[in-house]
Amino acid sequence: MHYSRMLLPTLKETPAEAELISHKLMLRAGMIRKLAAGIYSYLPIGYRVIRKIENIIRQEMNSAGAQELLLPVLNPAELWRESGRWELYGAELMRLKDRHGRDFCLGPTHEEVITDLVRREVRSYRDLPLNLYQIQTKLRDEIRPRFGIMRAREFIMKDAYSFDCNDHDAQISYQQMYEAYNRIFERCGLTFRVVEADSGSIGGSFSHEFMILADSGEERIAYCPNADYSANVERALAVLPDSLNSGEAPSVLAPLEAVDTPNIKTVDELCAFLSCAPENLVKTLILKADDQIILALVRGDHELNLIKLKNLLSADQLELADADTVMQITNAPVGFAGPVGMNKYRIIADNAVKNMINFITGANKTDTHYINVNWGRDAVCEYADIRVAQAGDLCPKCAAALNFCKGIEVGHIFKLGAKYSKALGAVFLDEAGRQQTIIMGCYGIGVGRTMAAAIEQNYDQNGIIWPVAIAPYHVLIMPLDVDNEQVMQLAEDICQQLESLKIECLLDDRDIRPGIKFKDADLIGIPLRLTIGKRDLKKGLAEIKIRKSGKSDKISPDNVVSYIKNALTLL
RNA sequence: CGGGGCGUAGCGCAGCCUGGCAGCGCAUCGGUUUUGGGAACCGAGGGUCGGAGGUUCAAAUCCUCUCGCCCCGACCA
């Protein structure tokens, strides 16, 4: 491809709208352009990368026995009402009406549509198992789209759905996808970690997320240094060392005492005021779970995990109570809540709170806290793991201290069970002629997000450094003296030879200053750069530079093709 | 939805407080000289100052409303 004929508008300056490094570089490298908040066009070079990623996904999905199909983006509301998600999915579902006033939505995911298809077509256990997938644009009315295509309202996703006769087979399907996903991200050349995850509103019994490791990631990962365990902190079990968790029975229970704490509301303020450590405090959070009031207690230095609590309560909705509700329940503004005298409400304390003695809580009275609160005597509650795992917690399998890092969620696989097949009546007849419900799994990969994550992981000051497998081109051929016949002839020649070997080339035939070409080359990040200038060519030399290492070699033009062939296999 | 910020040439911004010819840098087009890491000089084009209404002799600037975008939070496969 000739650069001069391409739509490849690089930018010297970074557009003000971009914050994240991948977003800035994609805009500057002419890969994407914004149409509206969270809605982007993919320009030719960006779309080439998308296609590379899609094709790796296709190959691995196909070889795992999955079949590609394409489902409608526009979905009738009827189907979503049948699964219950017309109501449950909430404002994130893009809804619209047709001219007759009938309700539709734009598919944010396709469990309903695929289950509908399968329930119509599958009759017998002989038709199963099935794994069907598509690569398609999804739409979600994100509350706050951000970070360019990382969290967009319209985005390309691969979604696959497996259908099995029973739980055992479904487990096999899940395992196949687990392995296929590992191969996909390995082939993309990315550093990633597979973590246990919460299955969220998709539902189902368990799930794994595939995380590209990057400091800019929105997800926090807890992992064991011995590789026995890794989980999204949303899910990671919070296990304290035994010494702290089940200490000896308290010897002295001091008497409960109310103290004045004028205008002291936060943990930090309270610690400073009473000169104590956050570990001596118990935070009491007032929550609404489907209109039921819940008091959740965590140690002062811990963070409540809403997802764990929501799962524990089997609640559809769980949110922090507003200030008015807190006032009504505790007779005090936010900041003075505590468990003492609140036993008409359900009180759930984190496990780490269980063995605390003589601790400090709010007194449910303005500007007042209790000190020397003790379980049994002053309040009772139930205990569960309801906090976010943090530094100091242990691996639940081998008791090593957990490490933490950040990641970008690019893949998520779920074992769904019968959630959708039951709601929609997707059944089959087994060998004995009995009607059974199909067991499902679903498996997603954010294609655009994978592209962005790849950049987050592979860049330097000068621009993108593409892994070869997903690079828009393999080689950038850069003749410096475009009006020199020999130089151009050689460039064209090598380009043709490489292309005939299926090595993809971009030939920068623009008649501009070399400096601009070099800058653009680094920005766009094609793995290999071949520079041909009349100066070196007189000496019978051309330069090959590796974008990633910055290393370059000057070699005879005759050897360029074999050199490149070899270099690409090593990268 | 709450909090903060921003909308002026394709991009980055100044001008707004204190009303008075709409500017700068980059990019674009033409020319001359340059030519291995974002050149120099000469010349040119490009704007409903996000939109609507109001105040005023006069509005990019002041007032009201509105739309869009970005960031933080809540939210979220």
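Numbered from 1 within each chain, the chains take letters A, B, ... in sequence-line order. Both backbone and side-chain heavy atoms feed into the values below; hydrogens, waters and symmetry mates do not. Please read these numbers as outputs of a predicted model, since none were measured by experiment.
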Query raised in the report: Reading nucleotides 30-41 of chain B from the 5' end, what letters show protein touch, with B for base, S for backbone sugar-phosphate only, - for no heavy atom under 4.0 Å?
Result: ----B-BBBB--
**Report entry** Sequence-aligned protein contact record of nucleotides 2-9 of chain B, with B where the base is within under 4.0 Å of a protein heavy atom and S where only the sugar-phosphate is
**Finding:** --------
Test of understanding: with side-chain hydrogen bond (donor to acceptor under 3.5 Å, both in side chains), list the residues that count as partners of [X], not counting sequence neighbours.
X        : value
A:Thr137 : none
A:Ser216 : A:Glu456
A:Tyr563 : A:Asp553
A:Asp508 : A:Arg510

Query raised in the report: Hey, can you pull the residues of residues 30-43 of chain A with a non-hydrogen atom under 4.0 angstrom from RNA chain B?
Result: A:Lys34, A:Ala36, A:Ala37
Report task. Taking salt bridge (charged side-chain N to carboxylate O under 4.0 Å, His left out) as the test, write out the residues that go with A:Glu54, two or more places apart. Result -> A:Arg51, A:Arg58
Report task. Taking salt bridge (charged side-chain N to carboxylate O under 4.0 Å, His left out) as the test, write out the residues that go with A:Lys539, two or more places apart. Result -> A:Asp536
Query raised in the report: Restricting to pairs with a member in residues 478-495 of chain A, which pass side-chain hydrogen bond (donor to acceptor under 3.5 Å, both in side chains), not counting sequence neighbours?
Result: A:His2-A:Glu492
Query - Partner residues of A:Tyr133 under the ring pair (Phe, Tyr, Trp, His ring centres under 6.0 Å) criterion, sequence neighbours left out - result: none
Query raised in the report: How would you list all residue pairs meeting salt bridge (charged side-chain N to carboxylate O under 4.0 Å, His left out) that involve residues 21-30 of chain A, not counting sequence neighbours?
Result: none
Requested in this report: Could you check which of B:G12, B:C70, B:C1 has an atom nearest any side-chain atom of A:Glu17?
Outcome: B:C70
